[in-house]
Amino acid sequence: MAEKITPRDKDYSQWYLDVIKSAKLADHSPVRGCMIIRPNGYALWENMQAGLDGMFKETGHQNAYFPIFIPQSFLAKEAEHVEGFAKECAVVTHSRLMLDDEHGLIPDPDSKLEENLIVRPTSETIIWHTYSRWIQSWRDLPILLNQWANVVRWEMRTRLFLRTMEFLWQEGHTAHATEEEAVEETLTILDVYSKFAEEYMAVPVIRGIKTASERFAGAVDTYCIEALMQDGKSLQAGTSHFLGQNFAKAFDCQFQNKNNELEYVWATSWGVSTRLIGALIMVHSDDKGLVLPPKLAPTQVALIPIYRKDEERVSVLEVASRIESELKAAGIRVFVDDRDAFRPGWKFNEYEVQGVPVRLALGPRDVEGATVEVARRDTGEKTTVNQSDLTAHIQELLETIQQGLFDKALAERESRTTEVDSYDEFKTVLDEKGGFVRMHWDGTAETESQIKEETKATIRCIPLEDYDEDGIDPVSGKPSKGRVYYARAY
RNA sequence: CGGGGUGUAGCGCAGCUCGGUUAGCGCAUCUGCUUUGGGAGCAGAGGGUCGCAGGUUCGAAUCCUGCCACCCCGACCA
């Protein structure tokens with residue numbers, strides 16, 4: 001691909017799309033708002049799934065699968081839930097097509113369904129319908145399930161990975177006997193999400209709770225992790241909801257507790273999606289293309305053999321293959337690109353654009369001196385390493401890169417987080433610097449929506465850490481219990 | 001749904017104002033030779049119902065009418 005990537009400071013959105021395109025992560029589909037996830041993108045998703053899935057299982061969850069179609073009547077049962085999702089549902093009304101002389105292929109009017117089916121925008125309704133049949137006693141609780149699935153939300157404006165009409169995600173749905181246990185579950189998952197974001201994705205996150213206006217439709221409380229992108233905008237990277245007894249009441253899901261009383265079941269739901277890939281791109285990548293953290297990179301090390309004559313080819317490939325075995329034995333995901341159809345320079349560029357953390361070059365000079373050229377994707381730094389030290393060196397380097405990416409992202413976020421005590425300063429910071437702005441909030445929806453209207457900034461969250469501090473909301477002049485995180489967001 | 005714009009090769013575009021004979025350019029693709037330590041060079045080749053449907057005309061990518069699709073801004077978006 002001879003395509004140039006638009007620099008970030010010229011056009012950030014275009015840069016984002018260029019990175020995705022040149023790293024071959026995804027394509028636009030013939031259907032507006034949908035995306036084709038290409039092998040490079042899907043491999044990344046598989047690594048994310050593997051990491052998260054392991055953590056879910058460690059915390060006692062099991063996977064299950066519920067159907068993609070939900071009876072329309074189910075969606076009507078929880079009032080706030082309907083309001084939140086009704087405007088963005090794909091509806092199935094017919095079961096077959098027929099050939100019409102005038103119009104060609106049309107839905108067969110005779111096949112109209114008795115009840116419309118909704119393509120799930122999320123699965124609370126069908127799952128709580130099911131739970132109401134599974135749960136009778138406190139002995140049936142808790143239920144700790146997760147499912148990996150696709151969902152559809154008919155969005156007006158879409159962007160690859162960040163907001164698509166169909167996306168892949170995991171959704172956890174748990175049922176508990178007590179409020180305390182459900183709240184604890186919500187927070188356990190928030191921990192899992194922050195740990196995953198920070199340790200695997202190398203993306204630092206703010207953990208917090210959403211205000212009423214940003215809350216999930218049907219939740220009592222929505223906890224979230226928020227990450228700051230390089231353009232100073234915030235991205236909600238994961239949410240964990242305490243649903244109270246709302247869905248249990250809507251689906252009549254009661255159990256007999258230890259006191260022999262009937263009680264509604266307490267619920268949580270939580271999810272992260274392919275949007276995480278968008279976050280990953282926007283936090284680490286640069287004007288040369290994708291930059292991936294080693295823990296999630298499908299290929300951690302790309303080895304490029306260099307040769308001219310046939311006898312060089314033989315000797316170089318022999319060493320390359322030995323290095324490949326050694327690295328693989330150490331659990332490193334290495335790929336030897338011995339394709340003759342492409343030249344070394346082209347390959348160097350290819351792996352840079354695709355974000356492979358470490359590139360090795362091995363030519364006749366190296367074979368002679370028993371060395372390898374090692375290049376880092378994140379810093380561009382090149383060194384020459386003795387073949388005998390290579391495996392240990394790479395292992396250490398991958399950890400260094402992983403940590404380096406996190407440290408850099410954290411430093412960036414900290415430098416872009418500003419505490420302000422006046423509305424004027426708030427606006428100035430937002431326009432000139434972007435990022436998170438920590439300001440006192442009086443806790444009212446009025447102030448929140450006034451600020452949103454005037455500045456397009458929203459309260460990303462009320463943070464769980466560093467919150468308690470009495471003060472005054474500079475917009476309303478009313479007392480405040482602490483500083484919240486404001487930002488313009490995706 | 002309101003405002004603006006665009007449909008010509010896989011992708012990006014020119015040509016349209018002022019109709020004319022074989023519709024062109026860049027990238028990509030294919031073949032051959034030379035190349036290979038940072039996106040190779042040269043030579044040749046393949047690839048098009050000009051968004052769709054009508055109309056005007058000897059003749060339409062070009063003019064007229066209708067339709068369709070997509071994009072941008074706004075509205076909307078847990």
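Order of the sequence lines sets the chain letters (A, B, ...), proteins ahead of strands, with each chain counted from 1. All values reported here derive from a predicted model rather than from experimental measurement.
Remark: P of B:G37 and CG of A:Asp338 are 16 Å apart, rounded to the nearest angstrom. Here the P atom of nucleotide B:G37 and the CZ atom of A:Phe342 are 15 Å apart, to the nearest Å. Straight-line distance from the CH2 atom of A:Trp346 to the P atom of B:G37: 14 Å, rounded to whole Å. In this entry the distance linking NZ of A:Lys24 with C1' of B:G10 reads 15 Å, nearest Å. Rounded to an integer number of Å, the gap from CZ of A:Arg359 to C1' of B:G38 is 7 Å.
Residue contacts shown for A:Lys382 include a base, since a base heavy atom lies under 4.0 Å away. Within the 4.0 angstrom heavy-atom criterion, base atoms lie near A:Phe85. Across all strands, A:Glu373 comes closer than 4.0 Å to base atoms (heavy-atom distances). Within the nucleic acid shown, A:Gly363 comes within 4.0 Å of at least one base atom, counting heavy atoms only. Within 4.0 Å of A:Asp366, counting heavy atoms only, lies at least one base atom of the nucleic acid.
Distances were taken from every side-chain heavy atom of A:Ile306 (C-beta onward) to each of B:G37, B:C77, B:G38; the shortest belongs to B:G37. Listed nucleotides B:G38, B:C77, B:G37 differ in distance to A:Ala361; the shortest reach to its side chain belongs to B:G37. Listed candidates were B:G38, B:C77, B:G74. Nearest to the side chain of A:Lys456 is B:G74. Minimum atom distance to the side chain of A:Asn349 is reached by B:G39, of the listed B:G37, B:G39, B:U36. Considering only the side chain of A:Arg163, B:C77 comes nearest among B:C77, B:U36, B:G74. Checking B:G37, B:U36, B:G39 against every side-chain atom of A:Glu350, the shortest atom distance belongs to B:G39. Which of B:G37, B:C77, B:A40 sits closest to the side chain of A:Pro344 comes down to B:G37.
Phosphate proximity of B:G37 to A:Arg365: absent, as no side-chain N or O sits under 4.0 Å from OP1 or OP2. The side chain of A:Arg343 contributes no N or O atom lying less than 4.0 Å from OP1 or OP2 of B:G41.
With contacts defined as side-chain heavy-atom distances shorter than 4.5 Å, the pair A:Glu350/A:Phe342 does not qualify. A:Leu190 places a side-chain heavy atom less than 4.5 Å from the side chain of A:Leu464.
Note: A:Cys461 SG to A:Glu226 CD = 6.0 Å, rounded to the nearest 0.5 Å. Taking NE2 from A:His61 and CE from A:Met55, the interatomic distance works out to 12.0 Å, rounded to the nearest 0.5 Å.
The residue from A:Glu326, A:Glu324, A:Glu318 that alone fulfils the salt bridge (charged side-chain N to carboxylate O under 4.0 Å, His left out) condition with A:Arg322 is A:Glu326.
A distance-only check finds no donor-acceptor pair linking the side chain of A:Glu171 to the backbone of A:Ala149 [under 3.5 Å].
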Pairs under 3.5 angstrom, nitrogen or oxygen only, protein versus nucleotides 3-5 of chain B, please.
none

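B:C67 is paired with B:G51 under the criterion used here, namely a Watson-Crick or G-U wobble arrangement in which both key atom distances are under 3.5 Å. Applying the Watson-Crick and G-U wobble criteria (two distances, each under 3.5 Å), B:G39 pairs with nothing in any strand. In this structure B:G26 sits in a base pair with B:C11, meeting the Watson-Crick or G-U test at under 3.5 Å.
Note: A:His241 and A:Phe216 have parallel aromatic rings, judged against thresholds of 30 and 60 degrees for the angle between ring planes. Using cut-offs of 30° and 60° on the angle between ring planes, the pair A:Phe251 and A:Phe74 is perpendicular.
Not a single donor-acceptor contact under 3.5 angstrom links the side-chain atoms of A:Lys288 to the base of B:G38.
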